[in-house]
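So the structure is just underneath, and the comments pick up after that.
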Protein chains: 2
Amino acid sequence: MKIPLTQKSLCGCCVIRERCLPAGLNDEEVLLLDQQMEHRLPIKKGALLYSQGQVFDSLYAISTGSFKTRILHEDGRSQITGFQLSGEMLGLDAISEERHVCDAIALEDSTVCKIAYDSLTNLESEINPLQRSFNKTLSKEIVRDQSIMLLLGSMRAEERVAAFLVNLSERYHARQQSASELVLRMTREDIGNYLGLKLETVSRILSRFAQENLINVQGRLITITDVKQLQLVTLSS
Amino acid sequence: MKIPLTQKSLCGCCVIRERCLPAGLNDEEVLLLDQQMEHRLPIKKGALLYSQGQVFDSLYAISTGSFKTRILHEDGRSQITGFQLSGEMLGLDAISEERHVCDAIALEDSTVCKIAYDSLTNLESEINPLQRSFNKTLSKEIVRDQSIMLLLGSMRAEERVAAFLVNLSERYHARQQSASELVLRMTREDIGNYLGLKLETVSRILSRFAQENLINVQGRLITITDVKQLQLVTLSS
DNA sequence: CGATTGGTTGAGCCCATTCAACGAATGTGG
DNA sequence: CCACATTCGTTGAATGGGCTCAACCAATCG
């Protein structure tokens with residue numbers, strides 16, 4: 001929790017600054033924000049950042065690594081609601097009930113930056129653009145969720161898997177990672193759960209895509225060889 | 001757009017005040033909010049309050065009536081993302097891209113209250129509790145969407161329909177309407193689209209529920225005769 | 001009155017699931 | 001170091017739930 005002064009782990013010089021909470025703020029404003037945050041807390045692979053039911057007091061931004069969020073239904077069913085990459089925020093859904101309504105689990109050794117929600121709302125009053133940009137962050141999450149509703153509600157299995165790969169590719173690309181060589185951090189079961197499919201179905205479809213020379217599958221390393229065709233698959237209703 | 005002064009259509013004395021944007025504000029604060037709004041604009045059944053792609057500048061709160069929101073995919077597919085009742089807000093998803101990303105269609109003759117987003121953000125700076133309560137409104141929408149993801153991702157058809165009816169019943173109840181006599185404002189096709197099912201499937205399942213004496217179906221009038229059993233159906237994974 | 005929209009029901013089919021076997025990779029303890 | 005267990009992934013065969021296609025009816029509307 002303590003940050004060595006020598007580390008200078010400030011938002012201002014963070015590589016993901018413009019994709020994260022400080023996006024659009026000037027240096028002065030970023031400094032104000034920065035001082036309210038705990039930076040680069042390490043979370044081990046498989047560890048829970050928070051869990052369902054836990055009292056909410058802080059939001060998190062992923063600095064490095066990736067997470068999955070999962071809601072559990074009373075009857076034991078679970079649904080993975082998203083895979084989050086660097087720069088994305090965790091805990092937004094907890095604001096409404098002041099308790100976390102999902103589990104956030106690290107898919108690999110990761111680091112997160114933490115800010116108390118009270119601090120954030122205070123800053124929102126002081127820094128006008130922050131208020132608007134935080135509204136945008138929340139709204140963006142709504143749009144994301146609704147596009148998954150479209151996927152789950154009206155796409156066939158092949159289309160879902162293709163859409164998943166294309167989406168991941170775009171997000172990797174935005175993070176200066178290869179858009180064609182995807183190193184998946186989640187299991188086939190995770191993917192299936194997220195897409196409303198069984199893991200066998202996901203596996204079969206990946207094999208089929210490989211056979212059609214759209215992708216190359218070596219376990220969790222997926223190489224996209226024909227993006228255009230893959231994008232077409234997502235549209236082939 | 002002009003409000004007759006005699007009408008006194010103020011949030012302060014609105015029956016849904018505590019379920020709407022003014023929730024939690026004191027009388028003075030409500031008055032400030034009230035002055036920034038256009039009240040009780042009539043929207044005819046079937047009319048679009050806004051449509052996908054349209055530039056975003058205002059949010060809406062449903063005063064009376066109900067709406068459906070629908071996103072259209074490039075390939076022609078559509079997905080209904082929600083049915084909204086009085087007191088619920090429309091347009092939240094547009095904040096992120098400054099354009100509407102869905103269509104909002106009135107399911108019956110309705111009235112809405114309109115507030116410019118700029119006015120709202122200005123008020124957020126002035127009225128501290130408004131900022132927090134608006135964050136909650138956004139976060140609540142995220143939670144709602146994620147519970148639909150659970151429904152679409154892991155429930156079977158019967159469970160989805162049962163969950164739909166139970167949810168509608170609860171929301172009607174919260175609005176002092178009968179929790180057992182549901183007058184549906186949407187078609188079977190709308191319901192099916194929303195639930196990721198075909199309209200025939202919805203119709204068949206309603207008939208089956210009727211045969212099992214869980215409900216009574218007379219077209220769009222659904223009478224719930226055994227809530228407990230219906231709730232059990234939603235859990236019977 | 002016909003035309004249109006919305007709803008129900010039946011028969012057959014197909015896509016994704018279930019159940020199952022197997023292989024590869026990884027980790028653990030003796 | 002090997003033996004063993006565990007986790008993860010692939011593939012096959014059979015099943016079934018929801019879809020497709022179709023016919024029919026009721027209500028509404030111009």
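Just so it is clear: chains get the letters A, B, ... in the order the sequence lines come, proteins before strands, and each one is counted from 1.
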May I have the distance from Asn193(B) (atom CG) to dG7(C) (atom P), rounded to whole angstrom? 14 Å
How is Gly192(A) classified with respect to the nucleic acid when contacts are heavy atoms under 4.0 Å: base, sugar-phosphate, or nothing? nothing
Using the ring of each side chain (for Trp, its six-membered ring), is Phe164(A) parallel, tilted or perpendicular to Phe83(A), with breaks at 30° and 60°? perpendicular
Side-chain contact check for Ala157(B): nearest option of dT10(D), dG9(D), dG18(D) is dG18(D)
With distance as the sole criterion, do the side chain of Glu200(B) and the base of dC21(D) form a donor-acceptor contact below 3.5 Å? yes
Interatomic distance, Arg185(B) CZ vs dT5(C) C1' [rounded to whole Å]: 17 Å
Strictly below 4.0 Å: does Ser203(A) bring a side-chain N or O up to OP1 or OP2 of dG9(D)? no
May I have the distance from Arg188(B) (atom CZ) to dT5(C) (atom C1'), rounded to whole angstrom? 14 Å
Could you check whether the side chain of Arg204(A) and the base of dG12(D) have a donor-acceptor pair of N or O atoms closer than 3.5 Å, going by distance alone? yes
Looking at dT9(C), I'd like to know if its phosphate oxygens (OP1 or OP2) sit under 4.0 Å from a side-chain N or O belonging to Ser207(B). yes
Please report, rounded to the nearest Å, how far the P atom of dT10(D) is from the CD atom of Glu189(A). 13 Å
To the nearest Å, how far apart are Arg156(A) CZ and dC15(C) P? 7 Å
Would you please confirm or rule out a distance under 4.0 Å between OP1 or OP2 of dG18(D) and any side-chain N or O of Thr201(B)? no
Please classify the nucleic acid contact of Leu197(A) as base, sugar-phosphate, or nothing, using heavy-atom distances under 4.0 Å. sugar-phosphate
In whole Å, I'd like the distance from the NZ atom of Lys198(A) to the P atom of dC8(D). 16 Å
For dG9(D), does either OP1 or OP2 sit under 4.0 Å from a side-chain N or O belonging to Arg220(A)? yes
Between Glu159(A) and Arg77(B) (salt bridge meaning N to carboxylate O under 4.0 Å), is one present in this structure? yes
Just by distance, with hydrogens left out, do Thr64(A) and Ser86(A) show a side-chain donor and acceptor under 3.5 Å apart? no
Mind checking if Val202(A) touches a base, just sugar-phosphate, or nothing, with heavy atoms under 4.0 Å? nothing
Using whole Å, what does the distance between atom C1' of nucleotide dG17(D) and atom CD of Glu159(B) come to? 12 Å
When you compare the side chains of Ser66(A) and Arg185(A), does any donor N or O come within less than 3.5 Å of an acceptor on the partner? no
Mapping Ile205(B) and Gly219(A) onto DNA chain D by nearest heavy atom, which one lands closer to the 5' end? Gly219(A)
Looking at every heavy atom in both Gln84(B) and Arg171(B), which two are closest together, and how far apart are they? CA-NH2, 3.9 Å
Figure out the CD1/P separation between Ile215(B) and dG7(C), and round it to whole Å. 14 Å
